Amino acid sequence: MHVIKKKTLTDYSETHAIVKADLDSWYIEAKSAIWKTPQDIKNRFSSASFLADNKVVFNIHGNDYRLLTRINYDSGTVFILFIGTHAEYNKYDMGAI
């Protein structure tokens, strides 16, 4: 998969060092993955949640953090939309994306 906005992960890791290793691992795995359907993601990330508009939420660092993405399965692209704590995610304006 082609991951867009890796800088979002890098920037977040700089101020939240506790999740750096988890975000790095997710990135490496996502970059080498071939996700053609939501089931492909679910097979590896069983706790992933699927929302409208091909948005996928990955639980990071024992579900303390959430990584919101949008997947274009046809082009093999993952767009990073948001990373934050569970509480920050609950306040996030989904209508803004």
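Please read these numbers as outputs of a predicted model, since none were measured by experiment.
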Would you give the length of the straight line joining atom [atom1] of [X] to atom [atom2] of [Y], rounded to the nearest 0.5 angstrom?
X     : Y     : atom1 : atom2 : value
Asn54 : Arg70 : CG    : CZ    : 8.0 Å
Thr69 : Lys55 : OG1   : NZ    : 10.5 Å
His61 : His16 : NE2   : NE2   : 11.5 Å
Leu68 : Ile83 : CG    : CD1   : 9.5 Å

Same hydrophobic cluster for [X] and [Y], using side-chain heavy-atom links shorter than 4.5 Å among ILVMFWY?
X     : Y     : answer
Ile60 : Val57 : no
Ile4  : Trp26 : no
Tyr27 : Leu81 : no
Phe58 : Ile18 : yes
Phe45 : Leu23 : yes

Are any of the side-chain heavy atoms of [X] and [Y] separated by less than 4.5 Å?
X     : Y     : result
Lys6  : Ile80 : no
Leu9  : Asp24 : no
Thr8  : Phe82 : no
Val78 : Val56 : no
Ile28 : Lys31 : no

With no hydrogens and no angle check, is any side-chain donor or acceptor of Asp40 less than 3.5 Å from a backbone partner on Lys36?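 Present.
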So, Asn72 versus Ser75: side-chain donor-acceptor pair below 3.5 Å or not? yes
Ring-face cation of Lys42 near Phe50 (centre distance under 6.0 Å, axis angle within 45°):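 So Lys42 doesn't make the cation-pi contact.
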Test: Arg66 cationic atom under 6.0 Å from Tyr89 six-membered ring centre, within 45° of axis: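 Cation-pi check for Arg66 and Tyr89: passes.
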For the pair Asp11 and Lys7, find out whether any cationic side-chain nitrogen is under 4.0 Å from an anionic carboxylate oxygen.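 Between Lys7 and Asp11 there is a salt bridge, with a charged N closer than 4.0 Å to a carboxylate O.
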Begin from the C-alpha positions of Asp64 and His86 and carry the test side-chain contact (heavy atoms from CB on, under 4.5 Å) through to its verdict. CA-CA 6 Å; Asp64 291 336; His86 214 126; over 6 Å; no
Given Ile71, which of Thr77, Ile41, Asp53 fulfils the side-chain contact (heavy atoms from CB on, under 4.5 Å) condition?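 The single option meeting the side-chain contact (heavy atoms from CB on, under 4.5 Å) with Ile71 is Ile41.
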Ring centroid separation Tyr73 to Trp35 under 6.0 Å: no
